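Beneath this line is the structure, given in structure tokens, with notes to follow.
The model shown is predicted, which means the values in this text are computed figures rather than measured ones. If you read the sequence from its start, that first residue is 1, and numbering goes on from there.
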Amino acid sequence: MGLFLVTGGAGFIGSHLVEALLVRGKRVRVLDNFFSGDHGRIARWAADIELIEGDLRDTSAVARAVAGVDVILHHAAVPSVQRSVRDPQTTNEVNVTGTLNLLLAARDAGVKRLVFASSSSVYGDTPTLPKIETMPTDPLSPYAVSKLAGERYCMVFSSIYGLPAIALRYFNVFGPRQDPHSDYAAVIPRFITSMLRGASPMIYGDGLQSRDFTYVANVVAANLLAAEAAPHISGTFNVAGGERITLLDLVAQLNTLLGSTITPLHEAARAGDVKHSQAAISSIHATLGFAPVVPFAEGLKLTVESFR
């Protein structure tokens with residue numbers, strides 16, 4: 001395939017996709033407004049990519065970004081449950097209207113494939129585990145609503161306009177280049193940076209809540225498979241490691257890696273947070289041939305080394 005557009009390419013996951021595409025000899029264009037993206041994440045490839053600094057809400061910037069593109073890996077978003085609770089309007093404008101703007105531009109430009117970064121948050125807090133793609137969705141936050149709306153728009157554009165689209169529901173992605181300093185930082189980079197300082201990590205709730213933490217290389221692998229899928233394949237798939245780890249387990253494993261004996265602090269659970277999450281990944285394995293390439297323990301070790 002010719003030209004790839006990575007929206008949000010200066011973000012945590014986006015920058016790993018940019019790197020993987022360049023390693024494979026692909027031509028890469030990035031659209032990012034640097035709201036949560038960082039020039040530093042893609043600086044080493046500045047000479048090898050085309051960068052458009054623009055916003056999904058700006059239809060002219062989106063049209064420029066999509067022109068001549070074969071495959072879109074759509075990762076630009078306002079990425080936080082807690083931020084969406086505080087500011088649902090911006091989350092909707094970027095994640096829903098921005099995705100619609102991109103789909104319209106992709107349809108009009110004759111893009112051959114769009115891969116949409118969705119989220120396990122669309123399942124909500126249903127007690128059924130593991131989560132399978134056919135179960136009812138029950139989003140508990142404006143962020144989760146926005147991701148479900150994006151998925152549905154992708155599938156409608158696939159069925160009505162013939163734009164092949166795959167939505168990937170990510171489960172708690174972690175790895176190098178993830179921002180530990182934001183108010184909305186994901187749990188693994190927050191815990192690692194606290195514990196490297198010898199400080200106790202903060203757990204919201206009892207720590208028995210569990211997540212299917214997914215090392216970023218697994219997400220990259222799923223995107224590359226989705227990008228190369230046959231034109232008739234559209235649909236929604238879980239992307240995960242398939243393991244369930246509690247936050248207390250996570251602290252214990254980090255203590256082992258760091259040679260420390262730090263105990264966590266606890267605060268009240270937060271609104272919109274899901275108690276347990278684990279994915280079934282049989283569907284993406286059967287359809288796209290996906291299997292995790294890096295297990296949780298190895299990914300955690302690599303992430304700690306990168307933060308050290």
Side-chain angles (χ1 to χ4, degrees), residues 8 11-13 36 74-100 116-156 167-174 178-179 182-191 202-214 219 235-250 266-281 283:
F12 157 51
I13 296 172
S36 57
H74 177 31
H75 288 69
V78 176
S80 158
V81 167
Q82 297 306 319
R83 187 183 270 132
S84 79
V85 171
R86 293 185 194 181
D87 180 10
Q89 185 159 3
T90 302
T91 295
N92 189 80
E93 287 168 358
V94 175
N95 295 5
V96 183
T97 306
T99 295
L100 178 58
F116 173 68
S118 186
S119 164
S120 61
S121 65
V122 302
Y123 291 114
D125 213 1
T126 54
T128 310
L129 292 176
K131 310 295 185 192
I132 60 169
E133 293 87 347
T134 51
M135 65 194 289
T137 51
D138 185 23
L140 298 180
S141 65
Y143 171 76
V145 169
S146 77
K147 284 299 183 181
L148 185 58
E151 281 186 17
R152 296 284 161 86
Y153 263 128
C154 286
M155 296 311 122
V156 164
L168 300 176
R169 290 177 178 167
Y170 298 158
F171 282 68
N172 298 89
V173 187
F174 73 98
Q178 199 168 15
D179 179 10
S182 150
D183 289 347
Y184 309 103
V187 65
I188 286 182
R190 270 198 294 115
F191 280 19
M202 177 63 69
I203 291 177
Y204 295 94
D206 59 12
L208 296 175
Q209 63 267 48
S210 60
R211 296 290 180 265
D212 194 334
F213 291 112
T214 310
V219 168
T236 302
F237 302 97
N238 293 334
V239 177
E243 300 176 68
R244 190 150 64 95
I245 311 290
T246 71
L247 297 191
L248 293 177
D249 287 340
L250 173 61
H266 292 265
E267 279 196 5
R270 298 182 299 189
D273 278 355
V274 168
K275 182 74 176 174
H276 296 294
S277 187
Q278 184 183 6
I281 50 177
S283 179

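Between the side chain of Asp212 and the backbone N or O of Ala279, at least one donor-acceptor pair lies under 3.5 Å. A distance-only check finds a donor-acceptor pair linking the side chain of His266 to the backbone of Gly205 [under 3.5 Å]. A donor-acceptor distance shorter than 3.5 angstrom exists from the side chain of Gln209 to the backbone of Tyr204, with no hydrogens or angles considered. In this structure, the side chain of Asn95 does not engage the main chain of Lys147 through any donor-acceptor pair within 3.5 Å.
Residues satisfying the side-chain hydrogen bond (donor to acceptor under 3.5 Å, both in side chains) test with Asp125, not counting sequence neighbours, are none. Thr236 meets the side-chain contact (heavy atoms from CB on, under 4.5 Å) test with Glu151, Met155, Ala167, Arg169; sequence neighbours excluded. By the side-chain contact (heavy atoms from CB on, under 4.5 Å) test, Ser121 is found to be paired with Ser119, Tyr143, Ala144, residues two or more places apart in sequence or in another chain being considered.
The CG atom of Asp138 sits 7.0 Å away from atom OG1 of Thr126, with the distance rounded to the nearest 0.5 Å. Note that CD1 of Ile281 is 14.0 Å distant from CD1 of Ile132, once rounded to the nearest 0.5 Å. For the atom pair Asn238 CG and Lys131 NZ, the distance stands at 10.0 Å (nearest 0.5 Å).
Arg152 places a side-chain heavy atom less than 4.5 Å from the side chain of Thr137. Put simply, the side chain of Ser84 does not reach to within 4.5 Å of the side chain of Ser146, judged on heavy atoms.
The minimum heavy-atom distance linking Pro79 with Arg83 is given by the pair CD-NH1, 3.6 Å. Nearest heavy-atom pair across Val187 and Phe213 is CG1-CE2, 3.5 Å. Contact between His276 and Ser210 at its shortest, heavy atoms only, is ND1-OG, 2.7 Å. Residues Asn172 and Ser120 share a closest heavy-atom pair of OD1-OG, 4.4 Å. Pro130 approaches Ala280 most closely through the heavy-atom pair CB-N, 3.5 Å. For Ser277 against Arg244, the heavy-atom pair with the smallest separation is O-CD, 3.8 Å.
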Between Tyr170 and Thr214, is the side-chain contact (heavy atoms from CB on, under 4.5 Å) condition met? List the steps.
CA-CA 8 Å; Tyr170 298 158; Thr214 310; over 6 Å; no
Leu248 and Leu208: CA distance, side-chain angles, deciding distance, side-chain contact (heavy atoms from CB on, under 4.5 Å) verdict
CA-CA 6 Å; Leu248 293 177; Leu208 296 175; 3.8 Å; yes
Applying side-chain contact (heavy atoms from CB on, under 4.5 Å), run through Phe12 and His75 and close with a yes or a no.
CA-CA 10 Å; Phe12 157 51; His75 288 69; over 6 Å; no
Checking side-chain contact (heavy atoms from CB on, under 4.5 Å) for the pair Thr97/Asn92: CA distance, chi angles, key distance, verdict?
CA-CA 7 Å; Thr97 306; Asn92 189 80; 4.2 Å; yes
When you look at Asp206 and Lys275, which way does the salt bridge (charged side-chain N to carboxylate O under 4.0 Å, His left out) test go after all the steps?
CA-CA 10 Å; Asp206 59 12; Lys275 182 74 176 174; 3.0 Å; yes
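Using cut-offs of 30° and 60° on the angle between ring planes, the pair Phe171 and Tyr123 is tilted.
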